[in-house]
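A short write-up of the structure that comes next.
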There are 2 protein chains.
Amino acid sequence: MLEAHQYLRQFSIKPSVQRSAVMNFLLNNRIHPTIDEIYMALSPNMPTLSKTTVYNTLDLFVEKGAVRPLVIDEKNARYDVDISAHAHFMCKSCGAVHDIFNVNPSYFTLPQSDKFNINAVEISYSGICNVCKGN
Amino acid sequence: MLEAHQYLRQFSIKPSVQRSAVMNFLLNNRIHPTIDEIYMALSPNMPTLSKTTVYNTLDLFVEKGAVRPLVIDEKNARYDVDISAHAHFMCKSCGAVHDIFNVNPSYFTLPQSDKFNINAVEISYSGICNVCKGN
DNA sequence: CTTTGTGCAAATTCTTTGCACCAAA
DNA sequence: TTTGGTGCAAAGAATTTGCACAAAG
């Protein structure tokens with residue numbers, strides 16, 4: 001937990017018990033969790049935790065640049081504590097989201113445009129994972 | 001409308017008045033509309049149209065490969081009738097989604113993986129458009 | 001007729017909001 | 001104390017579902 005505590009300070013986020021717990025979960029569970037997954041994972045050990053706090057906390061983390069919101073799952077918001085340039089894969093069957101690191105870094109270059117001020121890119125792959133495919 | 005009618009047949013979609021109207025709208029309004037935008041645009045001329053039908057219709061179009069669902073807007077599902085490989089830009093201020101065609105075609109290459117069966121890719125850019133920026 | 005499509009209303013799910021209470025400085 | 005954080009309950013928004021009626025073949 002101390003680790004998460006320190007980590008938050010790097011992003012100028014005041015640590016609280018709840019914030020540290022959420023960050024700790026994100027740092028140790030690189031599953032790009034949904035709000036509900038975070039809430040479900042933490043509430044057994046923090047019975048008073050509310051989902052509103054998880055929403056507030058993730059909004060703050062995104063605002064401070066400590067996590068990035070993923071746009072890959074139409075159903076739920078998902079968050080990644082790894083803010084380095086990398087892509088993601090989502091299995092259309094089980095819904096799991098995985099990191100894809102072997103993507104040419106040049107793909108993350110932002111294109112020039114005279115109509116838009118482009119400042120972020122997201123590369124999302126989808127298909128079926130081997131677990132769902134049955135091997 | 002005849003155009004849309006024919007277009008649907010190419011994808012083995014039985015045309016109905018509603019389906020043709022939706023496809024016609026998509027073909028002539030390349031704005032990557034949401035369900036609500038489609039519904040709002042058509043309902044004045046089709047008072048009995050229901051939003052459920054718009055949902056059903058778009059689901060069918062996606063299933064038949066006539067349109068592709070965009071994963072770029074966390075708030076609403078958006079659809080693109082142009083199924084060729086190209087990227088999109090979404091303005092975080094006004095929410096408008098635009099096509100980005102000047103992206104290196106190689107970026108759309110699907111990476112190989114022994115863990116996943118990757119069969120689709122989406123490249124999404126975001127930022128602020130010039131209209132919102134004030135010039 | 002029989003199948004397929006449409007549309008209303010209700011239900012569900014995810015997210016946001018308002019407000020009171022708690023905690024830290 | 002004063003500010004900021006938390007949590008409950010209610011509200012809101014997008015989507016899905018169940019079912020009855022309409023349309024097409």
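Lettering follows sequence order; numbering is per chain, from 1.
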Self-check item: Nucleotide interval of DNA chain D bounded by contacts with chain B (heavy-atom cut-off, under 4.0 Å)
Solution: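 Extent of the interface on DNA chain D: dA14(D) to dT17(D).
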
Exercise. Quick one: sort the F89(A) and F116(B) rings into parallel, tilted or perpendicular, breaks at 30° and 60°.
Key: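 Rings of F89(A) and F116(B): parallel, as their planes differ by under 30°.
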
Quiz item: Closest approach of I13(A) and A66(A), non-hydrogen atoms and distance?
Solution: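 Heavy-atom minimum between the residues: CD1-CB, 3.9 Å.
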
Quiz item: Between K51(A) and K14(A), who's closer to the 5' end of DNA chain D by nearest nucleotide?
Solution: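 Upstream on the strand: K14(A).
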
Taking side chain to side chain donor-acceptor pair (under 3.5 Å) as the test, write out the residues that go with [X], two or more places apart.
X      : result
S93(A) : none
T48(A) : none
N28(B) : N24(B)

Quiz item: Has the side chain of R68(A) got a donor or acceptor atom that lies under 3.5 Å from a matching backbone atom of G65(A)?
Solution: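 No, because the side chain of R68(A) does not come within donor-acceptor range (under 3.5 Å) of the backbone of G65(A).
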
Quiz item: Any donor and acceptor pair, going by atom type alone, linking the side chain of S43(A) with main-chain N or O of M46(A) inside 3.5 Å?
Solution: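 No: the side chain of S43(A) does not pair with the backbone of M46(A).
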
Quiz item: Mapping R19(B) and T52(B) to their closest nucleotides on DNA chain C, which lands nearer the 5' end?
Solution: R19(B)

Quiz prompt | Close residues, residues 31-44 of chain A, relative to DNA chain C [heavy-atom separation under 4.0 Å] | solution = none

[atom1] of [X] versus [atom2] of [N]: gap in Å, rounded?
X      : N       : atom1 : atom2 : result
L8(B)  : dG5(C)  : CG    : P     : 12 Å
E74(A) : dC14(C) : CD    : P     : 13 Å
N76(B) : dT15(C) : CG    : P     : 13 Å
N56(A) : dT17(C) : CG    : P     : 10 Å
K75(A) : dT12(C) : NZ    : C1'   : 11 Å

Exercise. Kindly state each residue pair satisfying salt bridge (charged side-chain N to carboxylate O under 4.0 Å, His left out) with at least one member in residues 50-59 of chain B, sequence neighbours excluded.
Key: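 For residues 50-59 of chain B: D36(B)-K51(B).
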
Quiz item: Across the strands shown, which category fits S16(B) at heavy-atom distances under 4.0 angstrom: base, sugar-phosphate, nothing?
Solution: sugar-phosphate

Quiz item: Between H32(A) and H88(A), does the ring centroid distance fall short of 6.0 Å?
Solution: yes

